A.B. asks: 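This is the structure I have questions about; it appears just below.
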Amino acid sequence: MERLIVTFAKYKKCTILTSQNCQMSKAITSKEKNYSDWYNDLVVEADMAEHSDVRGCMVIKPHGYAIWEKMQATLDKMFKDTGHVNAYFPLFIPKSYLSKEAAHVEGFAKECAVVTHYRLKNAEDGSGVVVDPEAKLEEELIVRPTSETIIWNTYKGWIQSYRDLPLLINQWANVVRWEMRTRLFLRTAEFLWQEGHTAHATREEAIEEAEKMLNVYAEFAEHFLAMPVIKGIKTASERFAGAEETYCIEALMQDGKALQAGTSHFLGQNFAKAFDVKFANKEGKLDFVWATSWGVSTRLMGALIMTHSDDKGLVLPPRLAPLQVVIVPIYKGEEELAKISERALEFKSALQKKGISVKYDDSDKQRSGWKFAEYELKGVPVRVAIGPRDFQNGTVEIARRDTLTKEVVSHEGLADRIEKMLEEIQQSLFDKAKSRLVASTRKADSYDAFKKMLDEDGGFILAHWDGTPETEERIKEETKATIRCIPLDQEKEDGKCMVSGKPSNGRVVFARAY
RNA sequence: AGGGGCGUAGCGUAGUCCGGUUAUCGCGCCUGGUUUGGGACCAGGAGGUCGCUGGUUCGAAUCCAGUCGCCCCUACCA
């Protein structure tokens with residue numbers, strides 16, 4: 001392998017190392033060189049997750065999990081504020097449930113893990129344990145790939161009258177989809193998510209709910225992840241298995257590929273019919289209830305990484321950073337450290353009073369330079385360094401993770417200044433991502449122009465489509481691009497399908513996607 | 001499922017073609033010292049069922065057979 005790695009050329013004499021003999025630890029592949037390697041390296045080196053011995057499954061490490069917990073906490077509050085409550089349903093679903101809704105089973109059957117036995121026994125040759133053939137389950141259980149079936153089977157017992165509606169429930173859970181190819185956070189066999197499942201008396205109310213939750217997701221993405229999204233609806237072929245309509249938010253990653261970041265489904269009466277969930281309306285007539293489901297997963301971690309991060313590591317928007325500020329002392333000897341620590345701890349408590357999460361890292365296990373690099377790798381938005389020079393001059397050095405800029409400022413009003421800086425970083429990350437999205441969203445009026453745009457820059461391409469699955473399929477086959485969505489704010493515009501030439505009255509969003 | 005490749009210390013690897021002292025090097029780890037404004041340096045040290053099983057041989061990481069696991073490409077994939 002002739003892979004050459006040039007590390008820290010800026011700081012040291014330029015050192016060229018080959019993977020043959022030597023590889024600097026914590027060196028991540030540059031984005032430009034290989035975006036995919038960059039992503040994988042970053043997830044591992046920033047200590048967010050690692051591959052487990054179980055194929056397709058990952059271990060989410062404390063730093064990654066802390067970010068997920070921030071997402072959970074924020075979303076959970078948003079769900080509660082919109083009237084939802086949490087509950088928990090079983091991991092296992094009787095196999096027969098899955099097949100009650102035809103489209104649903106069709107969509108998921110090929111990627112289900114199945115439990116067939118309930119006991120092990122010692123192998124006769126002493127080689128370990130084997131499945132006890134005596135302990136075969138009468139009905140196999142599948143590990144939930146999603147919970148519609150078990151939940152609707154349960155709702156049947158909870159809903160009798162319009163007075164029981166709406167039923168607005170969410171669950172935080174893990175699910176399993178036996179994927180062939182997996183990537184940390186983006187696609188793993190087991191992942192964490194939330195799934196909301198609601199029941200309503202009318203079609204209109206259910207649609208309103210599905211749209212409301214899509215807006216919650218969009219607000220979360222933009223306000224907390226600082227990740228601009230396009231809201232839209234999926235075409236029939238991209239629709240959730242069992243849904244009448246699938247709403248989605250689509251984001252654009254730095255490499256020009258799209259990522260579906262969240263979905264919200266209007267399920268019509270499909271599951272109510274499949275599980276016979278009826279309610280008596282005010283007139284005393286029985287009717288099937290109307291349903292929605294909506295979810296976001298640990299995939300958002302991937303979205304977050306690929307929206308803001310750089311070659312030095314993770315870049316976190318302050319609102320999601322488990323640690324917003326780190327204070328690093330620079331010192332010679334314990335006496336100096338003691339003086340600096342005293343001041344640093346004052347800053348720490350001033351910041352904490354403002355509700356900012358802050359760590360003072362006075363560990364003597366690593367040197368300051370190592371800490372700088374490490375906290376950059378982990379995405380801490382603001383770093384404060386205090387050394388003897390600062391101590392003399394009544395200053396500190398503040399460094400911004402997103403812009404990698406540093407400034408020396410006075411102690412005076414430091415907490416206020418940092419508080420403001422965190423807000424600026426949040427806004428600036430969003431603005432930057434938004435400009436990228438706008439610049440990467442272009443119109444194509446011919447199939448040739450479309451292909452050229454895809455190959456040259458990727459991004460979102462707005463084009464006319466005749467509305468048929470055949471054309472959609474052909475485009476996918478020929479270009480690997482899919483219709484990400486029909487945007488909710490689609491402008492009416494008469495045009496012709498770029499492939500078939502048939503009439504179209506608005507543009508849809510195409511992209512190559514994760 | 002078809003094709004290709006790889007298993008040597010926590011990680012990355014040399015050695016395998018052509019069998020031969022104590023299995024190579026780097027990172028990381030431990031100890032001591034010097035250091036500390038961008039991933040420090042010096043010295044010393046610990047760490048190995050060479051994936052597993054069997055065979056050939058005076059002798060196997062190396063050759064042979066079997067076996068297990070993983071990765072990549074193609075195919076599949078909401």
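All values derive from a computational prediction rather than experimental measurement. Within every chain, numbering begins at 1; the chains are lettered A, B, ... in the order of the sequence lines, protein sequences first and strands thereafter.
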A.B. asks: Who pairs with A:Lys257 by side-chain hydrogen bond (donor to acceptor under 3.5 Å, both in side chains), at least two apart in sequence or on another chain?
C.D. replies: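 None.
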A.B. asks: Give me the ring orientation class for A:His265 and A:Phe240: parallel if the planes are under 30° apart, tilted from 30 to 60°, perpendicular past 60°.
C.D. replies: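 Ring orientation, 0 to 90° scale: parallel.
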A.B. asks: State whether a side-chain donor-acceptor pair under 3.5 Å links A:Ser293 with A:Glu195.
C.D. replies: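 There is no such pair between these side chains.
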A.B. asks: May I ask you to say what A:Gln260 touches in the nucleic acid, namely base, sugar-phosphate or nothing, with a heavy-atom cut-off under 4.0 Å?
C.D. replies: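 Nothing, no heavy atom under 4.0 Å.
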A.B. asks: Once you round it to whole Å, what is the distance between P of B:G39 and CD1 of A:Ile330?
C.D. replies: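 These atoms are roughly 11 Å apart.
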A.B. asks: Pick the C1' atom in B:U74 and in B:G28, then give their distance to the nearest Å.
C.D. replies: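 Rounded to whole Å, the distance is 38 Å.
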A.B. asks: Report yes or no: is the cationic atom of A:Arg383 (NZ for Lys, CZ for Arg) under 6.0 Å from the centre of the six-membered ring of A:Phe372, at an angle within 45° of the ring normal?
C.D. replies: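 The answer is yes; both the distance and angle limits are met.
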A.B. asks: Counting only heavy atoms not in A:Glu106, do more than 12 fall under 6.0 Å of its CD?
C.D. replies: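 No, not enclosed.
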A.B. asks: Sticking with atom P, work out how far B:G59 lies from B:C73, rounded to a whole angstrom.
C.D. replies: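 B:G59 and B:C73 have their P atoms separated by 44 Å.
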A.B. asks: Determine the contact category for A:Lys406: base if any of its heavy atoms lies under 4.0 Å from a base atom, sugar-phosphate if only primed atoms, P, OP1 or OP2 are that close, otherwise nothing.
C.D. replies: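 Contact class for A:Lys406: base.
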A.B. asks: In whole Å, what separates the P atom of B:C11 from that of B:A65?
C.D. replies: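 Pairwise P distance, B:C11 against B:A65, rounds to 29 Å.
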A.B. asks: RNA chain B: A:Glu477 or A:Gly333, which has the more 5' nearest nucleotide?
C.D. replies: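 The residue closer to the strand's 5' end, by nearest nucleotide, is A:Gly333.
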A.B. asks: Could you work out which one of B:C70, B:G39, B:G37 sits closest to the side chain of A:Arg55?
C.D. replies: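 Of B:C70, B:G39, B:G37, B:C70 is nearest to the side chain of A:Arg55.
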A.B. asks: Please report, rounded to the nearest Å, how far the C1' atom of B:C77 is from the CD atom of A:Glu473.
C.D. replies: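 Atom-to-atom, A:Glu473 to B:C77, this comes out as 12 Å.
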A.B. asks: Taking the inter-plane angle between the rings of A:His411 and A:Phe347 on a 0 to 90° scale, is it parallel (under 30°), tilted (30 to 60°) or perpendicular (over 60°)?
C.D. replies: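 Correct class here is perpendicular.
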A.B. asks: Take the protein atom CD of A:Glu407 and the nucleotide atom C1' of B:G37, then report the distance between them rounded to whole Å.
C.D. replies: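 My rounded result for the distance is 16 Å.
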A.B. asks: Using atom C1' in both nucleotides, what's the gap between B:G5 and B:C29 to the nearest angstrom?
C.D. replies: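 So the two C1' atoms sit 32 Å from each other.
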A.B. asks: Among the candidates B:G39, B:U36, B:C77, find the nucleotide nearest to the side-chain atoms of A:Lys332.
C.D. replies: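 Of the options given, the side chain of A:Lys332 lies nearest B:U36.
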A.B. asks: Going by the ring-ring contact (aromatic ring centres under 6.0 Å, His included) test, which pairs reach into residues 36-56 of chain A, not counting sequence neighbours?
C.D. replies: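 Applying ring-ring contact (aromatic ring centres under 6.0 Å, His included) to every pair that reaches into residues 36-56 of chain A, excluding sequence neighbours, yields A:Tyr35-A:Trp38.
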A.B. asks: Mapping A:Lys371 and A:Glu111 to their closest nucleotides on RNA chain B, which lands nearer the 5' end?
C.D. replies: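 Nearest nucleotide further toward 5': that of A:Lys371.
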A.B. asks: How is A:Asp364 classified with respect to the nucleic acid when contacts are heavy atoms under 4.0 Å: base, sugar-phosphate, or nothing?
C.D. replies: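 No contact.
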A.B. asks: Any chance you could encode RNA chain B as dot-bracket? Rule is Watson-Crick or G-U wobble with both distances under 3.5 Å; [ ] for pairs crossing earlier ones, | for another strand.
C.D. replies: (((((((..(((.......[....))).((((((.....)))))).....(((((..]....))))))))))))....
A.B. asks: For the side chain of A:Trp370, counting heavy atoms from C-beta on, which of B:G37, B:G39, B:G38 is nearest?
C.D. replies: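 Among the listed nucleotides, the one closest to the side chain of A:Trp370 is B:G39.
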A.B. asks: What is the distance, to the nearest angstrom, from the CZ atom on A:Phe372 to the C1' atom on B:A40?
C.D. replies: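 A:Phe372 atom CZ is separated from B:A40 atom C1' by 14 Å.
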A.B. asks: Within the structure shown, what part of the strands sits under 4.0 Å from A:Arg239 by heavy-atom distance: base, sugar-phosphate, or nothing?
C.D. replies: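 No contact.
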A.B. asks: Please give, in whole Å, the distance from B:C77 C1' to A:Glu238 CD?
C.D. replies: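 To the nearest whole Å, that distance equals 11 Å.
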A.B. asks: Hey, is the side chain of A:Gln366 pairing donor to acceptor with the base of B:G39 inside 3.5 Å?
C.D. replies: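 Counting by modelled atom types and ignoring angles, no donor-acceptor contact under 3.5 Å is found here.
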A.B. asks: OP1 or OP2 of B:A40 less than 4.0 angstrom from a side-chain nitrogen or oxygen of A:Arg367, does that happen here?
C.D. replies: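 Yes.
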A.B. asks: Against the six-membered ring of A:Phe460, is A:Arg484 placed for a cation-pi contact (under 6.0 Å from the centre, within 45° of the normal)?
C.D. replies: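 Because its charged atom misses either the 6.0 Å distance or the 45° angle limit, A:Arg484 does not stack over A:Phe460.
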A.B. asks: Flag this pair as yes if the NZ/CZ of A:Lys378 is under 6.0 angstrom from the six-membered ring centre of A:Tyr375 and inside a 45 degree cone about the axis; otherwise no.
C.D. replies: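 Judged by the rule (NZ or CZ under 6.0 Å from the ring centre, within 45° of its axis), A:Lys378 is not positioned above A:Tyr375.
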A.B. asks: Could you work out the separation of B:A60 and B:U16 based on their C1' atoms and round it to a whole Å?
C.D. replies: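 It works out to 11 Å between them.
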A.B. asks: With rounding to the closest Å, how many angstrom separate the C1' atoms on B:G20 and B:G15?
C.D. replies: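 It comes out at 14 Å once rounded to the nearest Å.
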A.B. asks: Grab the CD-C1' distance between A:Glu50 and B:G10 for me, whole Å please.
C.D. replies: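 Atom CD in A:Glu50 sits about 11 Å away from atom C1' in B:G10.
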A.B. asks: Would you kindly give the CG-to-P distance between A:Asn40 and B:C71, to the nearest whole Å?
C.D. replies: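 That distance rounds to 12 Å.
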A.B. asks: In whole Å, what separates the C1' atom of B:U31 from that of B:C68?
C.D. replies: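 It works out to 40 Å between them.
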A.B. asks: Send over the distance from A:Glu374 CD to B:A40 C1', rounded to a whole Å.
C.D. replies: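 Rounded to whole Å, this separation is 16 Å.
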A.B. asks: Can you tell me which nucleotide in B:G38, B:C77, B:G37 comes closest to the side chain of A:Glu397?
C.D. replies: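 Among the listed nucleotides, the one closest to the side chain of A:Glu397 is B:G37.
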A.B. asks: Using the side-chain heavy atoms of A:Arg187, tell me which of these nucleotides is nearest: B:G38, B:C77, B:G37.
C.D. replies: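 So the nucleotide nearest the side chain must be B:C77.
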A.B. asks: Say you pick atom C1' in B:C6 and the same atom in B:U13; how far apart are they, in whole Å?
C.D. replies: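 Looking at atom C1' only, B:C6 and B:U13 are 13 Å apart.
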